[in-house]
Amino acid sequence: GAVVSQHPSRVICKSGTSVKIECRSLDFQATTMFWYRQFPKQSLMLMATSNEGSKATYEQGVEKDKFLINHASLTLSTLTVTSAHPEDSSFYICSALYTSGNTIYFGEGSWLTVV
Amino acid sequence: LAKTTQPISMDSYEGQEVNITCSHNNIATNDYITWYQQFPSQGPRFIIQGYKTKVTNEVASLFIPADRKSSTLSLPRVSLSDTAVYYCLVGDGGAGGFKTIFGAGTRLFVKA
């Protein structure tokens, strides 16, 4: 299957700082990528849809100025959590739409802890 | 957007066949049905995908009835390592865009 990689897998940052999470499609080009947030024992919650070369589309209730998404190339999308606070601590997952257009593949996920 | 409904949890024993059904009553013509497995602190892993009838791969089978309003993931001879959350996802990558909305998933617990 197609491979999607996230980095870092775990990050701890201080409150008020910003942190960037990268999502890469390693063996295919992805014009569309997705970012999710997942709380313990809950399902994935879609945060935004990232399209290469254009602005991301955010889901209702997601602050676009806080969660900056950039999709500058066909293999890389980044999520930057700006001015992070402890309530932003969560498991963040990305996925990429495979070339065929019908399947999405997920990254390994990134744990963010804000202290 | 096709909403999916699955049982919240299921229990099974090692060596048994497990069938998990997902309801998606408002599935669109172009939508595919995809199943994923998720372990704690990991991203979902692709299991199988289908459009209609039956699909089989090395780890699972997917049964889709003619009306496509539901689908059943079949896991043959489960083992303890199959304990995980299973999600069905319905969508397409057509001109309307692919929107991925996850349901609650099914927590499968395999006992020895």
Side-chain angles (χ1 to χ4, degrees), chain A residues 1-10 21 23-25 28-52 54 56-60 89-113, chain B residues 1-9 22 27-52 55 57-60 62 64 83-109:
Chain A
V3 180
V4 177
S5 180
Q6 270 183 255
H7 179 80
S9 57
R10 290 181 179 275
I21 301 171
C23 179
R24 294 181 184 272
S25 54
F28 66 99
Q29 293 184 329
T31 56
T32 303
M33 291 185 174
F34 305 89
W35 287 94
Y36 313 80
R37 186 172 181 176
Q38 186 175 35
F39 293 103
K41 297 192 182 299
Q42 293 188 24
S43 184
L44 285 75
M45 181 185 72
L46 179 66
M47 297 175 66
T49 301
S50 166
N51 292 297
E52 187 267 337
S54 63
T57 303
Y58 290 82
E59 294 300 302
Q60 190 172 10
S89 299
S90 189
F91 190 53
Y92 292 89
I93 308 171
C94 72
S95 71
L97 182 61
Y98 189 61
T99 314
S100 66
N102 295 317
T103 309
I104 54 172
Y105 291 93
F106 290 84
E108 308 95 326
S110 299
W111 273 109
L112 169 63
T113 302
Chain B
L1 296 175
K3 179 182 177 182
T4 60
T5 304
Q6 303 172 231
I8 295 297
S9 65
C22 178
I27 186 170
T29 303
N30 295 328
D31 284 344
Y32 281 72
I33 301 158
T34 313
W35 284 81
Y36 296 87
Q37 175 191 56
Q38 187 182 29
F39 297 112
S41 297
Q42 294 185 27
R45 183 178 73 95
F46 174 91
I47 301 174
I48 196 166
Q49 183 184 70
Y51 183 80
K52 61 181 179 180
V55 179
N57 62 21
E58 63 275 10
V59 297
L62 178 59
I64 305 170
T83 294
V85 179
Y86 293 82
Y87 295 97
C88 74
L89 200 63
V90 175
D92 80 331
F98 196 105
K99 191 95 166 179
T100 64
I101 305 294
F102 275 79
T106 299
R107 291 185 178 275
L108 173 65
F109 186 68

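Each chain gets a letter, A, B and so on, in the order the sequences are listed, and its residues count up from 1.
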- Query: Which region of A:Leu44, side chain (C-beta onward) or backbone (N, CA, C, O), has a non-hydrogen atom less than 4.5 Å from a non-hydrogen atom of chain B, or is it both or neither?
  - Reply: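 Both backbone and side chain.
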- With a 4.5 angstrom heavy-atom cut-off, which part of B:Tyr51 approaches chain A: side chain, backbone, both or neither?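 Nothing of B:Tyr51, per the 4.5 Å heavy-atom cut-off to chain A.
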- Task: Please state whether the side chain, the backbone, both or neither of B:Arg45 comes within less than 4.5 Å of a heavy atom of chain A.
- Result: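 Interface part for B:Arg45: neither.
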- N/O donor-acceptor pair under 3.5 Å between B:Thr106 side chain and B:Pro7 backbone: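 Between the backbone of B:Pro7 and the side chain of B:Thr106 there is a qualifying donor-acceptor contact (under 3.5 Å).
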- Name the option with the most non-hydrogen atom pairs under 4.5 Å to chain B; the candidates are A:Phe91, A:Phe106, A:Trp111.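 Among the listed options, the one with the most contacts to chain B is A:Phe106.
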- Could you tell me whether the side chains of A:Gln38 and B:Gln38 share a donor-acceptor contact shorter than 3.5 Å?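 Yes, side-chain donor-acceptor contact under 3.5 Å.
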- Message: Just by distance, no angles: are the side chains of A:Tyr36 and A:Ser95 close enough, under 3.5 Å, to form a donor-acceptor pair?
- Response: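 Result is yes, a qualifying pair exists.
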- Gap separating the SG atom of B:Cys22 from the OH atom of B:Tyr87, nearest 0.5 angstrom: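 Answer rounded to 0.5 Å: 12.5 Å.
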